[in-house]
Amino acid sequence: MTTVMAASCSFVCCGEEREADKAVVVRFSNGSVQNADKLDFSMLKNTEESNPRKKTRRILVAESDRLSYVGQNFGVGSMKCNNLCKYYVGVLNKQTMTMEVHEAQLFNMQPVIPGETTDSAKPQDTTQTYREKVDLLIEAFGTNKQKRALSSRRLNQVGSETLQQAVAKAANTVIGEKGLEALQQEVADADSQGDLALHLPPCNANADKREDVYPFDELLSPVEFGALEQGGAKMAALTPEELKKMKDDGRCLSIVKHLENLPTESESRDKTARCAFYLSLLLKLARERNITRKFGQEEGCPRIIQGKLFKTFTVETFNNGRIHNMVSSSMRVKLAAYCLALLLHMGNMTADLTLLHRDLGITEARMTEVAKSMRLTLVKPARGKGDNIELQDDSRLAALVLPLIKYDHFTERRKRKKMH
């Protein structure tokens with residue numbers, strides 16, 4: 001194809017060209033070169049011509065007496081414009097006044113300082129992890145969103161070795177100051193106290209009256225106490241034979257003890273009976289593992305009381321596509337604390353720990369820990385006479401005495417068995 005130009009000149013398209021026929025256009029990154037004739041240019045190509053990705057790779061080298069320049073059409077230092085569009089260069093033949101148009105590619109020439117290593121000269125790190133290799137791919141070919149996520153992760157990342165060294169140094173410092181045995185004792189006591197403190201009823205340690213230390217309204221609100229009227233009436237109407245049967249069965253011994261000695265005054269008698277009914281529900285709940293929505297229906301449990309029990313003393317679990325309520329070990333400790341607080345109000349701020357731990361099905365040591373966490377005074381009753389001498393010797397009472405006692409957990413902590 002020939003086109004006549006205005007200055008009596010024509011340009012000729014050379015048709016299909018090979019990769020080696022492309023013209024080269026260079027740009028020096030550190031400025032313009034004044035004496036370009038003194039530069040010695042050489043083009044290097046990749047030897048793997050069978051590889052479609054590597055056969056077009058070229059490295060252009062420009063050498064002078066003072067400095068050398070290197071440019072490439074691949075990698076980090078290449079110009080991205082070669083992939084976005086095509087460039088052409090016209091070569092004018094002044095004799096024939098024809099201009100040949102050749103396809104061109106651009107090189108960004110960067111100075112090479114002797115003694116300075118380039119990225120391409122670095123050998124590939126074979127110890128890189130899969131995560132590091134993926135990060136390098138994201139840097140080179142990732143989207144803007146992936147690059148922002150990578151940058152954010154690196155900013156928030158802390159070197160694991162540095163962190164471990166800092167933790168080890170801090171731990172050694174603390175151990176050197178306090179000693180290992182003292183630290184182990186502090187951790188054990190703190191864990192024990194922290195677990196129990198989460199499950200104790202609300203406490204007013206600065207109260208002037210014993211009844212206000214563990215307020216009754218925090219155990220049963222006025223509305224909830226009113227809903228227990230029918231249940232309390234059933235408890236008050238139990239016959240001596242029914243109470244004896246409950247005692248022989250070994251169930252609810254704490255309740256039987258109070259029902260056998262109901263106050264004669266009507267208001268106190270009604271309050272004790274209602275508390276006994278509520279306490280029976282708490283003891284039954286403590287003996288269960290998985291709780292259904294039918295809990296307490298046989299005993300005539302009001303809906304508001306059932307909702308309180310589920311909300312306060314159970315945890316929800318998801319199994320087989322359904323939500324279940326269960327009484328965990330921590331909830332059993334909470335039940336023990338609330339039962340003990342309720343018994344204090346029923347027994348003139350004194351409760352029998354031995355009967356209660358038997359009703360709850362927990363160990364006496366665990367029951368004692370709960371009483372100490374509630375800052376109650378432990379009392380061993382005097383040896384009695386008669387038929388109940390064995391029961392009296394085995395019983396242990398807890399009383400609420402002002403000011404509240406504070407136990408020293410370093411001296412009271414039980415010794416643990418050594419594991420061999």
Side-chain angles (χ1 to χ4, degrees), residues 1-124 135-148 150-151:
M1 180 180 67
T2 304
T3 303
V4 180
M5 303 184 67
S8 65
C9 176
S10 62
F11 74 89
V12 179
C13 183
C14 297
E16 184 177 356
E17 291 183 320
R18 295 176 303 172
E19 186 70 24
D21 297 333
K22 289 185 178 181
V24 176
V25 179
V26 298
R27 186 189 71 177
F28 292 88
S29 61
N30 62 335
S32 301
V33 178
Q34 297 180 359
N35 299 323
D37 297 336
K38 295 183 179 181
L39 292 174
D40 184 14
F41 287 92
S42 58
M43 178 75 75
L44 306 176
K45 68 176 182 178
N46 196 295
T47 57
E48 299 183 24
E49 296 185 357
S50 60
N51 191 327
R53 291 188 177 184
K54 294 184 179 181
K55 68 179 182 179
T56 59
R57 292 183 178 182
R58 299 290 185 270
I59 297 177
L60 182 63
V61 180
E63 297 179 339
S64 66
D65 297 337
R66 299 179 58 187
L67 198 62
S68 299
Y69 299 87
V70 176
Q72 57 191 31
N73 64 351
F74 62 93
V76 180
S78 64
M79 300 185 68
K80 304 301 181 184
C81 56
N82 287 325
N83 300 326
L84 300 177
C85 56
K86 287 187 176 183
Y87 291 87
Y88 292 89
V89 175
V91 180
L92 177 63
N93 190 335
K94 294 183 179 180
Q95 294 180 355
T96 61
M97 294 304 294
T98 58
M99 180 178 290
E100 295 182 356
V101 179
H102 298 270
E103 187 176 349
Q105 55 182 336
L106 276 64
F107 285 86
N108 183 34
M109 307 299 291
Q110 297 181 352
V112 177
I113 302 175
E116 187 180 70
T117 58
T118 59
D119 294 337
S120 59
K122 294 179 181 179
Q124 185 177 3
D135 292 344
L136 292 176
L137 290 175
I138 292 176
E139 285 182 348
F141 309 105
T143 62
N144 291 334
K145 184 177 181 180
Q146 290 174 328
K147 290 179 180 179
R148 287 196 301 268
L150 175 61
S151 177

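Keep in mind the model is a prediction, meaning the values are calculated, not measured. We're numbering straight along the sequence, starting at 1.
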Distance from [X] atom [atom1] to [Y] atom [atom2], nearest 0.5 Å?
| X | Y | atom1 | atom2 | result |
| --- | --- | --- | --- | --- |
| Phe28 | Leu39 | CZ | CG | 5.0 Å |
| Tyr69 | Ser64 | OH | OG | 6.0 Å |
| Met97 | Leu92 | CE | CG | 5.5 Å |
| Arg58 | Met43 | CZ | CE | 7.0 Å |

Please check: side-chain N/O of Asp135 versus main-chain N/O of Leu150, any donor-acceptor pairing under 3.5 Å?
no
Would you find a donor on one side and an acceptor on the other, under 3.5 Å apart, between the side chain of Asn46 and the backbone of Arg57?
no
Please tabulate, one pair per line, all N/O donor-acceptor pairs under 3.5 Å involving side-chain atoms of residues 106-113, not counting sequence neighbours.
none

With Glu49, which residues qualify under side chain to side chain donor-acceptor pair (under 3.5 Å), at least two apart?
Lys45
Lys38: side chain to side chain donor-acceptor pair (under 3.5 Å) partners, not counting sequence neighbours:
none
So which atom in [X] and which in [Y] form the shortest heavy-atom distance, rounded to 0.1 Å?
| X | Y | answer |
| --- | --- | --- |
| Ser68 | Glu63 | OG-CG, 3.9 Å |
| Phe74 | Gln72 | O-NE2, 2.9 Å |
| Lys147 | Ile138 | CE-O, 3.5 Å |

Residue of the set Thr56, Leu60, Val25, Asn73 for which side-chain contact (heavy atoms from CB on, under 4.5 Å) holds with Gln105
Asn73
